[in-house]
Amino acid sequence: MVYNARWGILATGGIAQTFVRDLLKDTHARGTDDITHSVTAVASSTSSQRASEFIDKLQIPGNPSAYGSYEELVTDPNVDIIYVATPHSHHYQNARLALEVGNKHVLCEKAFTVNAAQARTLVDIAKRKGLFLMEAVWTRYFPLSVQVRELIRAGEIGEVLRVLADNSIGNASWDASHRMVNLDLAGGALLDLGIYSLTWVFQTLYHTLPPSQRKPPSSITSTMFKYPATGADEDTTILLSFPTTTPSNSLSPNRTSHAVAMAAFAVDSNPDGKASGRAAIRIQGTKGEIQVECPAYRPERYRVIYSSGEEKTKEVECPFPANGHGMYWEADEVARCVRDGRLESEGMPWEESVVIMEVMDEVRRQHGLVYPEKIETTDYPVAL
Ligand SMILES: NC(=O)C1=CN([C@@H]2O[C@H](COP(=O)(O)OP(=O)(O)OC[C@H]3O[C@@H](n4cnc5c(N)ncnc54)[C@H](OP(=O)(O)O)[C@@H]3O)[C@@H](O)[C@H]2O)C=CC1
Ligand SMILES: O=C1OC[C@@H](O)[C@H](O)[C@H]1O
């Protein structure tokens, strides 16, 4: 039987539009036959008129409800899953509203929360209430990411000893009030862009291990430059050590694998915008290397280069069906989890979201980067 997931969209900004466009794509175009999606309600904190305009602009079928408050959305009985698409600062309060007041399943945009304490609190609530909760790290659900993880697990490039991951966008001319650099909205490169670099580090050096063998990084060091107008981080580079991915074959029992996760506004991973050939991610093993092309958040191609020189380099293209953005794969995963009564997704487990938030907490601690108390707090409800 086909399961229809009924979504409520919380906020009407840029990514909410992109997500809904993907939800409305024909599922069959990507080979999804067991799931359909419908948008049954949209809410804007600005006005119900803004929600109506969003519905009209995207031509959402089925006459969805348009609300002028998030409270009305989360208590709508025709909604199963809330998609939280507000700035980072608001994720904790908004996701908690959906879980606690609305008893709704939640897909919450990245970065999951502002800090690990908030992430742990949300997880505890979801667990206690038997509700699904996931950080919307869409890139993990691309067929490309699934293939790369499988190649690593299968030992295709041997023991992975080093990962270099860069997600830098070449735009540092934000107005001080913009969510990208505004401390009141938990702006900055680390939470906005660095989450993708860390995603690549974690999905290659951590997630590829069986859950019982996953260990948080044994060391975290970092450098940071702050955006002069606001003090948010503009350029952050993190150096991490992990236990090796295949300990049984390890070159030496105490060996560590190293990773560099970079995120910057002012420089660009791909300065002339020509993706082909430009590696955003380099996953280096004892038998070869996997290079994933720019941009780190939405790569379309990767290659496997073998050290022996005997095997020819494999070039792999992973297009986005139906001219989509690629957010539909995570939406399908959420729908399947909800249908099957699973509270978390194997691809982005709660524990891993929390460990990654802990890394970001540590990086911020190293550079005294603190957001306003009202958005760092685990108190609820707090008016933002
Ligand atoms: N997965 C991905 O590829 C991407 C994810 N993102 C993530 O999505 C989230 C939103 O980003 P984006 O859509 O670009 O942001 P926008 O600024 O375009 O939209 C954010 C929306 O949040 C709502 N909002 C509520 N309170 C506030 C407030 N105080 N200030 C600003 N907006 C507020 C508004 O909607 P309303 O008035 O309707 O309530 C606003 O339109 C972020 O967490 C970001 O990291 C962003 C881009 C890409
Ligand atoms: O999630 C994102 O991916 C694309 C980036 O351009 C954007 O800033 C970020 O929020």
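Every number for a ligand or one of its atoms is a count from 1 in the order of the listing.
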Atoms of ligand 2 close to [X] [distance to a heavy atom under 4.0 angstrom, numbered from 1]:
X: R179; result: 10 (O)
X: K110; result: 1 (O), 2 (C), 9 (C), 10 (O)
X: Y196; result: 1 (O), 2 (C), 3 (O)
X: M180; result: 8 (O)

>> Quick check on side chain to side chain contact (heavy atoms under 4.5 Å, CB included): which of D268, N270, N167, I281 does C294 satisfy it with?
In response: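 Running side chain to side chain contact (heavy atoms under 4.5 Å, CB included) over D268, N270, N167, I281 with C294 returns exactly one hit, N270.
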
> Of D192, L193, T139, which has the heavy atom at the shortest distance from atom 9 (C) of ligand 2?
Replying inline: D192

One thing to verify: whether [Y] and [X] come together as a salt bridge, which I'm taking to mean a side-chain N less than 4.0 angstrom from a carboxylate O.
X: D235; Y: K226; result: no
X: R140; Y: E135; result: no
X: R128; Y: E100; result: yes
X: K127; Y: E344; result: no

> By ring pair (Phe, Tyr, Trp, His ring centres under 6.0 Å), which residues pair with F19, not counting sequence neighbours?
Replying inline: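 Partners of F19 under the ring pair (Phe, Tyr, Trp, His ring centres under 6.0 Å) test: W7, Y83.
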
>> Looking at E315, I want to see if its CD is surrounded by more than 12 non-hydrogen atoms of other residues, nucleotides or ligands under 6.0 Å.
In response: yes

> Counting only heavy atoms not in E317, do more than 12 sit closer than 6.0 Å to its CD atom?
Replying inline: yes

>> Give the residues near ligand 1 by chain and number, with the criterion being a heavy-atom distance under 4.0 Å.
In response: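 Ligand 1 pocket, heavy atoms under 4.0 Å: A11, T12, G13, G14, I15, S44, S45, T46, R50, Y70, A85, T86, P87, H88, H90, H91, E109, K110, W138, R179, L185, D192, Y196, M327.
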
> If you look at every heavy atom in L205 and A259, which pair is closest and at what distance?
Replying inline: CD1-CB, 3.9 Å

>> Any heavy atom of E109 closer to ligand 2 than 4.0 angstrom?
In response: no

